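We're numbering straight along the sequence, starting at 1. All figures in this text were calculated on a predicted structure; none of them were measured in a lab.
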Amino acid sequence: MTNEAMILTTLENGVLTVTLNRPDRLNSFNDEMHRQLSEAIKIAERDETVRCLVITGAGRGFCAGQDLNDRNVSVGSEVPDLGFSVETYYNPLIRRLTALPKPIICAVNGVAAGAGAAIALAGDIVIAAKNASFIQSFCRLGLVPDSGGSWFLPQLVGHARAMGMALLGDKISAEKALQWGMIWQVTENEELINTTQQLAQHLATQPTYGLGLIKKAIYAAATNTLDEQLNLERDLQRLGGRSEDYREGVSAFLNKREPQFKGR
């Protein structure tokens, strides 16, 4: 155990900013960093004042995935159970992010590789600096894209591009990621944080409960039939119509004023 802050958090005006903070290791994960990130995500899940979550990385990279120093397979060493690591740390993280009923922005600075790329793509909105890049580096180690990477990629870029990225491990620039539909926006390097925070502050004033329902609907669409999706839309619309924010939105529209959403 260490007292080192591998995850930094700030909460301001409804925006919880979580910064991966192992810049000397390109913010790659070890077990302690996973534990600290889990505690940070817990704030977003339990604190009703959090209306938007931002995830970014300290230093010159977003996240290089798993720290291989913690997964040594040198001659004579015990073979690590990588499936245990995925099941214990990465899978719960992705499940929690995608299930979080609040919008998530991932601000990608520099490299996002391996599981780091998948974590970035788990954001609802991904903004990348021009110097950002996305690398599916698993093939170089004889491994399989994890942390949802093998699911996100085909959903976002299609079968052919997903196969190319996964089998070749080529570096995909921020501009190409934008062209391929992997991410939402590219900014100048120095504008990444400002652009992200402006968008986050906007989302923090919106009908958070309804945004959570939107997330649920869009994720479900990947596996639902049209008929199943129509039924889900009906059920979610029923829930949305019962929210305080819906009443406020209609009232503001009819009275020609700006709505004051409370996120519930």
Side-chain angles (χ1 to χ4, degrees), residues 1-45 47 50 52-71 85 89-90 93-94 96-97 100 102-137 147 149 171-174 177 182-201 203-204:
M1 189 65 67
T2 176
N3 293 322
E4 181 183 357
M6 300 180 184
I7 299 294
L8 305 178
T9 60
T10 59
L11 177 55
E12 184 176 0
N13 298 326
V15 176
L16 177 66
T17 300
V18 172
T19 304
L20 311 180
N21 188 43
R22 294 187 78 209
D24 57 323
R25 294 285 186 179
L26 284 176
N27 301 317
S28 58
F29 277 89
N30 60 16
D31 292 354
E32 176 59 22
M33 184 173 169
H34 274 295
R35 284 188 281 267
Q36 292 186 25
L37 179 57
S38 179
E39 291 301 309
I41 300 300
K42 191 180 296 183
I43 298 172
E45 292 169 333
D47 190 338
V50 176
C52 180
L53 172 63
V54 172
I55 302 176
T56 192
R60 58 191 179 89
F62 177 76
C63 177
Q66 175 63 43
D67 187 340
L68 295 181
N69 289 294
D70 277 19
R71 299 292 183 265
S85 176
Y89 297 116
Y90 291 103
L93 170 61
I94 299 302
R96 291 171 73 187
L97 293 177
L100 185 70
K102 302 170 184 181
I104 301 171
I105 304 175
C106 285
V108 181
N109 50 310
V111 67
I119 291 168
L121 297 180
D124 304 312
I125 295 178
V126 184
I127 303 177
K130 280 190 174 180
N131 68 351
S133 60
F134 301 83
I135 308 172
Q136 292 298 314
S137 51
S147 307
K171 180 185 292 186
I172 304 300
S173 68
M182 286 174 59
I183 65 175
W184 174 251
Q185 185 178 358
V186 175
T187 72
E188 297 295 334
N189 298 339
E190 63 275 12
E191 290 297 320
L192 176 64
I193 298 303
N194 184 55
T195 300
T196 299
Q197 287 296 329
Q198 285 184 356
L199 180 57
Q201 292 292 338
L203 288 171

**Q** For Ile183 and Val108, what are the C-alpha separation, side-chain angles and deciding distance, and is it a side-chain contact (heavy atoms from CB on, under 4.5 Å)?
**A** CA-CA 10 Å; Ile183 65 175; Val108 181; over 6 Å; no

**Q** Between Phe62 and Ala107, what is the shortest heavy-atom contact and its length?
**A**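 So the two residues come closest at CD1-O, 3.5 Å.
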
**Q** Between the side chain of Gln36 and the main-chain N/O of Glu4, is any donor-acceptor distance below 3.5 Å?
**A**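 Yes, the answer is positive, given that a donor and an acceptor are paired below the 3.5 Å cut-off.
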
**Q** Apply side-chain contact (heavy atoms from CB on, under 4.5 Å) to the pair Leu93 and Leu37, showing each step before the final yes or no.
**A** CA-CA 9 Å; Leu93 170 61; Leu37 179 57; 3.8 Å; yes

**Q** So which heavy atom on Ala204 is nearest to which on Asn13, and how close?
**A**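 The answer is CB-O, 3.7 Å.
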
**Q** Glu39: which residues meet the side-chain hydrogen bond (donor to acceptor under 3.5 Å, both in side chains) condition with it, sequence neighbours left out?
**A**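 Only Lys42 meet the side-chain hydrogen bond (donor to acceptor under 3.5 Å, both in side chains) criterion with Glu39.
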
**Q** Just verifying a value: how many Å separate Leu97 CG and Leu53 CG, rounded to the nearest 0.5 Å?
**A**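 Answer for the CG-CG pair, Leu97 versus Leu53, is 7.0 Å.
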
**Q** Of the non-hydrogen atoms in Val186 and Lys130, which two are nearest, and what is the gap between them?
**A**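 Closest approach of Val186 to Lys130, heavy atoms only: CG1-CG, 3.6 Å.
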
**Q** How long is the straight-line distance from CG of Asn30 back to CZ of Arg22, given to the nearest 0.5 Å?
**A**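 The distance works out to 4.0 Å.
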
**Q** Quick one, Ser85 and His34 - any side-chain contact, counting heavy atoms below 4.5 Å?
**A**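 No, every pair of side-chain atoms sits at 4.5 Å or beyond.
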
**Q** With Ile105, which of Val126, Val15, Ile55, Val54 fulfils side-chain contact (heavy atoms from CB on, under 4.5 Å)?
**A**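 Result: among Val126, Val15, Ile55, Val54, Val54 is the only option passing the side-chain contact (heavy atoms from CB on, under 4.5 Å) with Ile105.
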
**Q** CG/Leu199 to SG/Cys52 distance, rounded to the nearest 0.5 angstrom?
**A**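 If we round to the nearest 0.5 Å, Leu199:CG and Cys52:SG are 7.0 Å apart.
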
**Q** Identify the heavy atoms of Leu192 and Ala128 that sit nearest to each other, and give their distance.
**A**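 It is CD1-C, 4.0 Å.
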
**Q** How long is the span from the OG1 atom in Thr195 to the CD atom in Glu188, to the nearest 0.5 Å?
**A**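 One finds 9.5 Å between OG1 of Thr195 and CD of Glu188.
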
**Q** Please round to the nearest 0.5 Å and tell me the distance separating atom CD1 of Ile43 and atom OG1 of Thr9.
**A**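 One gets 4.5 Å once the value is rounded to the nearest 0.5 Å.
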
**Q** Taking side chain as C-beta onward, heavy atoms only, is Asp47 less than 4.5 Å from Leu16?
**A**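 Counting from C-beta outward, Asp47 and Leu16 never come under 4.5 Å.
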
**Q** I want to check something: taking the side chain as every heavy atom from C-beta on, are Gln198 and Asn194 in contact at a cut-off of under 4.5 Å?
**A**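 The answer is yes, as the side chains (C-beta and beyond) meet within the 4.5 Å cut-off.
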
**Q** Closest approach of Leu20 and Cys63, non-hydrogen atoms and distance?
**A**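 Result for this residue pair: CD1-CB, 3.8 Å.
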
**Q** Looking at residues at least two apart in the chain, or sitting in another chain, which of them share a side-chain hydrogen bond (donor to acceptor under 3.5 Å, both in side chains) with Ser133?
**A**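 Scan of Ser133 (side-chain hydrogen bond (donor to acceptor under 3.5 Å, both in side chains), adjacent residues dropped) gives none.
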
**Q** Under 3.5 Å, is there a donor-acceptor pair between the Glu12 and Thr17 side chains?
**A**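 The criterion, which ignores hydrogens and geometry beyond distance, is not satisfied for Thr17 and Glu12.
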
**Q** Minimum heavy-atom separation for Pro23 to Ala58, with atom names?
**A**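 Taking Pro23 first and Ala58 second, the nearest heavy atoms are CB-O, 3.9 Å.
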
**Q** Below 3.5 Å, can you tabulate the donor-acceptor pairs from side chains in residues 115-125 to any protein atom, sequence neighbours excluded?
**A**
residue : atom : partner : partner atom : Å
Asp124  : OD2  : Ile104  : N            : 2.7
Asp124  : OD2  : Lys215  : NZ           : 3.0

**Q** Hey, could you give me the OG1/CD1 distance between Thr56 and Ile193, rounded to the nearest 0.5 Å?
**A**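 These two atoms lie 4.5 Å from each other.
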
**Q** Check whether any side-chain N or O of Asn109 sits under 3.5 Å from a backbone N or O of Gly57 as a donor-acceptor pair, and report yes or no.
**A**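 Checking the backbone N and O of Gly57 against the side chain of Asn109, a donor-acceptor pair under 3.5 Å is found.
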
